[in-house]
Amino acid sequence: MFPDSPAQRHEDLVRRDRSVLWHPFANLALWEREDPPVVASGEGVWLTDVDGHRMLDATASLWVNLLGHRHPALDRALSSQAGQIAHSTFLGATHEGAIRLAERLSALAPAGLTRVFYSDNGSTAVEIAMKLAFLFQRHRRIRQGRRVPATFFSLERGYHGDTLGTVGAGGIDRFHQIFGPLVRPSVTAPAPDCAHCPAGLLRSTCRLECAAMAENLLEAHREDLVAVLVEPLLQAAGGMIVWPAGYLARLARACRNLEIPLIADEVATGFGRTGTLFACEQEGVSPDFMAVGKALTGGYLPLAATLVRESVYEAVREDPGTFYHGHSYTANPLACRVALTTLDCLEAEDLLAAIPEKRERIREAWRSLDGAPFVENLRFLGLIAALDLRKRDGSALIDPVPLTVLREKARKKGLLIRPLGSTLYLIPPLSVTPEEAGLMARLLADTLMEGDRDGLFGRTS
Ligand SMILES: *Cc1c(COP(=O)(O)O)cnc(C)c1O
C-alpha cells in the first residue's frame, strides 16, 4: 500500500494531507510550503514520526498532555472501559464514570462549585458558563426589578475558545477582530502584563494599577455585566502572560463586592499546569463558575466540564427550569473513565510536588541565554516557561518567517515547539523527568543561538 521507504511514506502522506485537509490556526499559504511532522506514535514526552525521528513534545500536545503518551494506567482504563461501553447518551440516562468524576472534580475544585455540567471541549465549557451566568443574572435581576444584563467583561489578549460566544469575549486581535461583526463585544480591561505595564509602571513602582483599572471599569459597567470572564494567573494563548501577584484576588474581591459573577476559565491552567491543581487556589479565590478541559483526560480524549455553584442550579431550576444545551457526546464514558484515572495518577505520582525541581532545570538551561539581546521577559509559572523574542536592535520580531525557520531548526534537534507570535514557551507534560525538562530547555536555547548566528534577529548594530 505504502511506498517503500519511510521518507517516501512521509512525502506521500503530506501530499495527500495538502490535497484534502484544512488545519486549525494555519496560515494556508505558509502551511502549503511546510513539511510538517507526520506523527506515528508517542511514549512519555516523546513523539515519533513516520520517518522514525524522535521529538520532545514541548507543548504537551498543545497543553493537553499531563502524564505522558502511552501511560500504562490510562491505556488500561481506556481499553477496560471500551470493553464495557464506548458511549451512550447522557440525555435522560446516566453512568457511574460521569457520577464519580463529577464527585471528584467538585471535591478538588475551589469551595462551593458543587454542580458539574459536561461537554467535550474548552470552548463549549466556557460557552456553557457564559450561558448559565446569563440565566443566573436574568433570574436574579428580574426578581430585583432591575435590567437583565447582556455584556461580559473580559481582558485584552484573553482567549476563551473559538465558538462565537467565546470569540466575543476574546481579546486577541489577530484571531478575533475579523469576527467582530458577528459577536457581542465585551467590556475589556488591559491585560495585567508586567512586560508591557498598562499603567507604564516598573516592578519597583508597581501598585497593581492594572487591578484598579479593572475595578473602575467594573464599577462603571456593573449594571450591564453578566459576568467577569478571565483566565486566572496565565493568559496562555495571548502570549503566556503571567499576572502579577494579587491581581486575581483583587478582581475576585471586586466581583464579590459588586455582585458580578466570576467565571474562571481554567481550561489551560487546570490540573497542575501552574503548580497547583487549579490556578485560583494560589490566591485563595473561589469563582462562581469554572471551566476545565484540555488536561482533564491527561491529553487522551476530548472532555470538558463547567463547574458551578448550587445557587446557579437553583436559579435555573426555578426559571426557566431547563437548560437547553447539550452535546451528542456529553459525558462520554471512555473520556470520563480516563479522566478519573488521570486524577488518580496525578496524586499517586506526586507530580505537583516535583514541579519546582523540574522548573529549576529549565531555568538553569536558560542561563545560557543571559545577556542575549534577542531574548527578553523570561518567565516561569508552575512548569510553564516562556520568553519573548525581539530583534537584536530591540525592535519587534513580527515577520513570521524567522519563527518558521526556528521551528524547523528546533525540530531537527528533536524538539517540537509552537511559538505564539514572538513568544516561545515550554509546557512539558508534568511527567517529564528533570533531565528531559533540562534537555527541552537546552535544545530551545541552542536553537535560538543558532538562529542568531544565522542572522534571524538581525546583525549586531
Ligand atoms: C484552549 C483554551 C480554550 C478552548 O479549548 P478548546 O478545547 O480548544 O475548545 C478555552 N480557554 C482557554 C484558556 C484555553 O487555553
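Whatever order the structure lists ligands and atoms in, that order sets their numbers, starting from 1. Note that the coordinates shown come from a computational prediction; the quantities given were computed from them, not determined experimentally.
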| message | How far is atom 5 (O) of ligand 1 from the closest protein heavy atom, and which atom is that? | response |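 For atom 5 (O) of ligand 1, the nearest protein heavy atom comes out as Gly122 CA, 3.2 Å.
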| query | Who's closest to atom 14 (C) of ligand 1 heavy-atom-wise, of Lys294, Glu231, Arg273? | reply |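 Result: the heavy atom closest to atom 14 (C) of ligand 1 is in Lys294.
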Polar-atom distance check: [X] versus ligand 1, any N or O pair below 3.5 Å?
X: Asn121; answer: yes
X: Ser123; answer: yes
X: Val267; answer: no

Distance under 4.0 Å to a non-hydrogen atom of [X]: what atoms of ligand 1 satisfy this?
X: His160; result: 10 (C), 11 (N)
X: Asp265; result: 10 (C), 11 (N), 12 (C), 13 (C)
X: Trp63; result: 15 (O)

| So, does Glu376 use its side chain to make a donor-acceptor pair with the main chain of Leu387 at under 3.5 Å? |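 The answer is no, because no donor-acceptor pair under 3.5 Å joins these two groups.
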| query | Centroid-to-centroid, Phe90 to His327, below 6.0 Å? | reply |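 Phe90 vs His327: aromatic centres not under 6.0 Å.
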| query | Centroid-to-centroid, Tyr329 to His87, below 6.0 Å? | reply |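 Between His87 and Tyr329, which both carry aromatic rings, the centre distance is below 6.0 Å.
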| Min side-chain heavy-atom separation Trp243-Leu234 under 4.5 Å |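 No, too far: nothing below the 4.5 Å cut-off.
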| said: Other residues, nucleotides and ligands only: do more than 12 of their heavy atoms fall within 6.0 Å of CZ on Arg140? | reply: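 Count over threshold, so yes.
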| task | Tell me yes or no: between the side chains of His71 and Glu43, is some donor less than 3.5 Å from an acceptor? | result |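 Result is no, nothing qualifies.
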| query | Is it the case that Gln282 and Thr274 place a side-chain donor and acceptor less than 3.5 Å from each other? | reply |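 Yes, because at least one side-chain N or O of Gln282 sits under 3.5 Å from a partner of the opposite role on Thr274.
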| query | Taking non-hydrogen atoms only, is Tyr159 closer than 4.0 angstrom to ligand 1 via side chain, backbone, both or neither? | reply |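 The answer is both.
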